[in-house]
Amino acid sequence: MKGEVVVSTVNRPWLDPGQTPFIKVQGVTKSFGPFVAVDNVDLDIYHGELFALLGGSGCGKTTLLRMMAGFETPTSGRIVIDGIDMTDVPPYERPVNMMFQSYALFPHMSVEQNVAYGLKRDGLPKGEIDERVDAMLSMVELSPLSKRKPHQLSGGQRQRVALARSLVKKPKVLLLDEPLAALDKRLREQTQYELMDLQDRLGITFVVVTHDQEEAMTLSTRIAVMDAGSFMQIGTPTEIYEYPESRLVADFIGSTNMFEGVVHQQDQEHVSVKVAELDADIKIEHSTAAADGSKVWVAVRPEKIILSPSKPDNTEINVLRGVVEDIGYYGNSSTYRIRLENGVIVQVTHPNQRRPKDGRHVAEWEQEVYVGWEPSSGVVLTK
Amino acid sequence: MQGKRSTFLVAMLSFGMAFLYIPMVLLVIYSFNKSKIVPIWGGFSTRWYKVLFESEDVWAAVSLSLKIAVVNATFATLLGALAGLALVRFGRFRGRTLFSGMITAPLVMPEVITGLSLLLFFIGLKGLIGWPERGFTTITIAHITFSMAYVAVIIQSRLAGMAQDLEEAAQDLGAKPFRVLTDITLPLLAPGMLAGWLLSFTLSLDDLVIASFTTGPGSTTLPILIYSRIRLGLRPDINALATIIIVVVTIGVVIFGWLMLRQAKQRERDMHIAAKS
């Protein structure tokens with residue numbers, strides 16, 4: 001299914017072999033004493049991308065970002081930005097700006113002075129500085145507050161000052177360290193779209209560090225999932241979510257049902273996995289190479305499982321019988337925890353497309369139900 | 001509950017306050033005593049203030065003490081700030097723990113020991129290179145050595161609370177390390193340095209022990225003068241001097257407190273503005 005269709009590479013420069021990467025991270029390692037924060041990683045980021053480094057705390061994502069900014073020097077390896085080796089260039093000489101998680105606004109300077117600081121260091125004439133600062137402040141809609149000090153601003157306003165300050169120098173790359181972490185949920189969603197819009201308009205390459213998978217999925221062109229200093233997988237949000245390459249990625253992004261099993265038989269199109277705990281064979285569409293008899297894991301997303309009160313007629317799909325143990329109602333959807341006959345719990349997400357009749361949803365507590373999914377819905381993982 | 005406080009608490013408070021302030025109040029009252037013999041009240045008079053103002057010794061001591069205090073505070077703030085910066089911002093270097101331990105040692109060292117060792121050092125140095133003459137120079141150097149330890153501690157705690165990403169942000173925006181120091185670090189350290197300066201100033205003005213060890217002929221600081229006069233018996237003009245010192249200190253504290261209060265209120269108003277917008 002994958003790879004057969006010819007896709008345009010206009011918005012997917014990483015698929016075009018003729019493109020040169022804008023940022024090249026080559027075999028970069030960073031260790032602090034005996035602790036290896038970033039372990040021999042290679043990464044190509046293309047011009048105009050909004051690239052996300054995603055991972056839990058301590059996975060090395062921030063260290064990698066700080067190396068791009070120049071605050072840390074790699075123990076080994078090289079970092080090239082726009083064809084120039086930046087490995088040993090100090091931060092104040094890099095064509096890169098960073099937006100800090102804490103925003104790091106200078107408390108003793110006004111909004112205007114904060115934004116102008118970088119331009120002043122470049123020794124630009126006063127007229128040009130004023131002009132660019134004004135333009136930037138009006139872009140982030142902060143012109144009326146230009147004389148205020150940072151502590152006189154709300155969290156969202158501070159975030160916009162930080163953004164304006166890091167963009168005013170027109171950097172080749174903007175690095176963002178958890179840009180939305182300090183905002184409340186509503187503001188975060190709104191700012192997310194503003195960031196994407198801004199990136200689109202300015203055409204600057206963005207590299208975002210985040211621990212929030214939802215943020216990474218909605219914002220970015222591509223995501224690198226990091227763990228223990230290495231990349232687990234690099235790909236578009238869809239690739240990462242629909243075709244995770246390892247249990248770790250499948251688990252980290254969204255929720256998933258994971259079954260351990262053994263490859264039982266396979267033909268041209270399908271793999272059959274014998275899952276001991278389910279006491280059943282699961283049929284999956286071929287995607288990963290695995291030898292007969294080898295140990296694999298089958299991952300199925302909860303929203304890809306169909307829940308029905310009666311046994312489905314379709315014999316092509318995988319069907320299991322169970323009892324509803326718990327229901328989590330989210331409004332737009334509900335999550336059902338189904339206890340199968342052998343005690344295994346399966347999570348199913350069901351959209352609440354219709355209003356419930358007499359307050360009854362598709363299934364109730366303790367109701368006997370069937371769960372099923374198509375062979376194309378599951379993924380076979382070998383690691 | 002309102003208006004009904006525990007009698008025990010009220011008693012404790014009154015006792016504590018009395019313990020702190022009755023001696024000072026007595027001192028102030030006796031400074032207006034007409035009688036030459038301190039403990040005997042001979043009526044109200046300001047004659048001892050007149051005596052005091054006409055005494056050249058006292059003025060010389062006040063001026064010496066102030067000079068030492070200013071020079072000490074300035075140098076101690078500079079050196080202490082540098083030491084504090086080094087301790088916080090250099091990261092890990094060989095002997096860091098030893099250095100930080102050594103810099104705070106003067107805080108806990110008995111003053112007599114500090115005074116004695118400095119005296120020995122100055123005598124030795126004088127024998128070797130003919131400098132320094134004991135007096136203003138030696139007292140000032142001695143005061144700087146212990147004052148800078150206090151400043152270093154203040155600066156260290158202030159820097160530790162000041163997020164390093166402000167300095168990194170400045171670098172990121174194109175400021176070279178020295179620019180970062182002058183544009184960001186020093187302005188943000190200014191309140192800490194002012195506090196350090198004031199503390200050093202008071203420590204120096206207050207010091208009797210170390211000054212006694214390191215002073216030379218003819219260099220009498222105010223504490224030394226007061227102490228040496230008291231040794232010959234209580235004197236009413238010293239009471240007057242002490243009263244003046246109390247008044248000056250009180251005015252200073254009140255002004256400082258008022259400024260702090262005003263700043264706190266301003267901050268509160270700013271927060272309010274930020275919350276509303």
Side-chain angles (χ1 to χ4, degrees), chain A residues 32-33 62 65-66 68-72 89-109 113-124 142 144-145 148-158 161-162 164-169 171 173-175 177, chain B residues 81 85 88-97 155 157-195 259-260 262-277:
Chain A
F32 299 99
T62 304
L65 193 80
R66 288 173 59 80
M68 292 183 192
F71 299 130
E72 309 282 357
V89 177
Y92 46 87
E93 279 167 13
R94 294 193 186 201
V96 164
N97 283 127
M98 176 150 159
M99 195 182 126
F100 291 75
Q101 180 173 10
S102 65
Y103 307 146
L105 299 178
F106 307 133
H108 57 302
M109 295 185 196
Q113 287 167 324
N114 262 286
V115 178
Y117 188 79
L119 298 174
K120 278 191 191 143
R121 292 291 71 75
D122 282 359
L124 295 181
L142 280 175
L145 306 179
R148 288 227 184 140
K149 290 278 179 67
H151 70 267
Q152 296 170 313
L153 301 175
S154 69
Q157 290 164 346
R158 276 182 226 179
V161 178
R165 190 179 68 177
S166 54
L167 280 172
V168 76
K169 290 185 78 175
V173 179
L174 181 67
L175 308 171
D177 188 3
Chain B
L85 259 173
V88 177
R89 286 290 184 261
F90 270 32
R92 310 179 70 79
F93 58 88
R94 267 178 85 88
R96 185 182 189 280
T97 320
I155 295 292
S157 67
R158 174 112 194 146
L159 268 176
M162 195 178 100
Q164 193 168 355
D165 44 13
L166 290 178
E167 291 173 1
E168 285 181 349
Q171 276 202 37
D172 186 63
L173 292 165
K176 294 195 171 70
F178 186 72
R179 239 6 252 238
V180 176
L181 188 72
T182 57
D183 284 359
I184 310 295
T185 317
L186 286 181
L188 293 178
L189 276 185
M193 286 171 77
L194 180 67
L259 285 175
M260 294 300 281
R262 213 175 59 152
Q263 209 178 20
K265 279 197 172 149
Q266 178 66 41
R267 261 204 113 67
E268 209 171 285
R269 263 201 300 278
D270 287 346
M271 300 286 223
H272 197 64
I273 295 174
K276 266 206 298 198
S277 59

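Residue numbering restarts at 1 for every chain, and letters A, B, ... go by the order of the sequence lines. Note: hydrogens, waters and symmetry copies are ignored here, and every other heavy atom, side chains too, is used.
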Measuring from atom [atom1] of [X] to atom [atom2] of [Y], what distance do you get when rounded to the nearest 0.5 angstrom?
X       : Y       : atom1 : atom2 : result
R158(B) : M193(B) : CZ    : CE    : 11.5 Å
D270(B) : Q263(B) : CG    : CD    : 10.5 Å
D122(A) : Y92(A)  : CG    : OH    : 14.0 Å
R269(B) : Q152(A) : CZ    : CD    : 10.5 Å
D177(A) : T62(A)  : CG    : OG1   : 4.5 Å
R158(A) : L142(A) : CZ    : CG    : 12.5 Å

More than 12 heavy atoms of other groups within 6.0 Å of F32(A) CZ: yes
Atom CD of residue position Q266(B) - does it have more than 12 heavy atoms of other residues, nucleotides or ligands inside 6.0 Å? yes
Side chain from CB out, backbone as N, CA, C, O: work out which of these in [X] comes under 4.5 Å of a heavy atom of chain B, or both, or neither.
X       : result
R165(A) : both
L105(A) : backbone
M99(A)  : neither
F71(A)  : side chain

Which portion of R267(B) sits near chain A, non-hydrogen atoms under 4.5 angstrom: side chain
Below 4.5 Å, heavy-atom pairs only: which of K169(A), H151(A), M109(A) has the largest tally toward chain B? H151(A)
Contact check, side chains of L159(B) and L85(B), non-hydrogen atoms, under 4.5 Å: yes
How would you list, in number order, the residues of residues 166-173 of chain B that have a heavy atom less than 4.5 Å from chain A? L166(B), E168(B), A169(B), A170(B), Q171(B), D172(B), L173(B)
